[in-house]
Novice: 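Before I ask anything, let me first share the structure, which is written out below as structure tokens.
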Amino acid sequence: MTKPKQIPPYYTSVIDVVKLIPPGRVTNYGAIADFLALGSARMVGWALHKSGLVDGDVPAHRVLNRKGELSGRLAFSDPNYMQAKLESEGIIIKDHRVVDFAKYHWHPEEILKT
DNA sequence: AATTTGACGCAGC
DNA sequence: AGCTGCGCCAAAT
């Protein structure tokens, strides 16, 4: 019979961290991977891709690659969703790239400081 | 079961 | 400063 697909634990961990990203801020896959000690930023990418199927309330549009590029925009239902959402949060995007990326860059470590 | 791909990152050139 | 190659680990074919 149909077997309910189990969600690997680290998927949930990644989703949890992504949900903690403050509006108007962005982060990169490597930062999350390092924070969760996944050992590979690719895992974060995979987890986020699946996140849409697991939880539709994940602000995955705030996760970019280390260059600040919207590398995952093509994976969304609408390629323009990611940019539109980020711009609506006050982030300027030029050629699928975040302007002043370092300025908006957020690190999971921030949640520990508070 | 083996090979390829992937929402990545970094060192080297 | 941009391109190439390699490493990372899991999922898909």
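So you know, we letter chains A, B, ... as the sequences are listed, proteins then strands, and number each from 1. Keep in mind that the numbers below use all heavy atoms, side chains included, and drop hydrogens, waters and symmetry copies.
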Novice: Under 4.0 Å between any heavy atoms, over every strand shown, what does A:A60 touch: base, sugar-phosphate, or nothing? Just pick one.
Specialist: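 Result for A:A60 = base.
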Novice: Rounded to whole Å, how long is the line connecting atom CZ of A:F35 with atom P of B:dG9?
Specialist: 17 Å
Novice: Checking A:D16 now: which residues fulfil salt bridge (Lys or Arg N to Asp or Glu O under 4.0 Å) with it, not counting sequence neighbours?
Specialist: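 By the salt bridge (Lys or Arg N to Asp or Glu O under 4.0 Å) rule, A:D16 matches no residue at all.
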Novice: Please give, in whole Å, the distance from C:dC3 C1' to A:E69 CD?
Specialist: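 Roughly 13 Å, once rounded to whole Å.
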Novice: Report the residue from A:H105, A:K103, A:R97 that forms a side-chain contact (heavy atoms from CB on, under 4.5 Å) with A:F101.
Specialist: A:H105
Novice: A:H49 has an atom NE2; how far is it from atom C1' of C:dA10, in whole Å?
Specialist: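 Interatomic distance, NE2 of A:H49 to C1' of C:dA10: 14 Å.
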Novice: Roughly how far apart are A:Y10 OH and A:I32 CD1, rounded to 0.5 Å?
Specialist: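 Rounded to the nearest 0.5 Å, the OH-CD1 separation comes to 14.5 Å.
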Novice: Look at A:E110 together with A:R25 and state whether they make a salt bridge at an N to O cut-off of under 4.0 Å.
Specialist: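 No.
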Novice: Looking at B:dC10, I'd like to know if its phosphate oxygens (OP1 or OP2) sit under 4.0 Å from a side-chain N or O belonging to A:R66.
Specialist: yes
Novice: What is the separation between atom CG on A:L38 and atom P on C:dA11, rounded to the nearest whole Å?
Specialist: 12 Å
Novice: Round to a whole Å and report the spacing from CH2 of A:W46 to P of B:dT4.
Specialist: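 It works out to 16 Å between those atoms.
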Novice: Provide, to the nearest angstrom, the distance between the NZ atom belonging to A:K85 and the P atom belonging to B:dA7.
Specialist: 21 Å
Novice: Under 4.0 Å between a side-chain N or O of A:Y10 and OP1 or OP2 of C:dA11?
Specialist: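 For C:dA11, OP1 or OP2 has a side-chain N or O of A:Y10 closer than 4.0 Å.
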Novice: Given B:dA7, C:dA11, C:dC9, which nucleotide is nearest the side-chain atoms of A:Y11?
Specialist: C:dA11
Novice: Over how many whole Å does the gap from A:L74 atom CG to B:dG6 atom P extend?
Specialist: 12 Å
Novice: Nearest to the A:S40 side chain among B:dA7, C:dC8, C:dA10, which nucleotide is it?
Specialist: C:dC8
Novice: Please give, in whole Å, the distance from B:dA7 C1' to A:R62 CZ?
Specialist: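 Going from CZ in A:R62 over to C1' in B:dA7 covers 16 Å.
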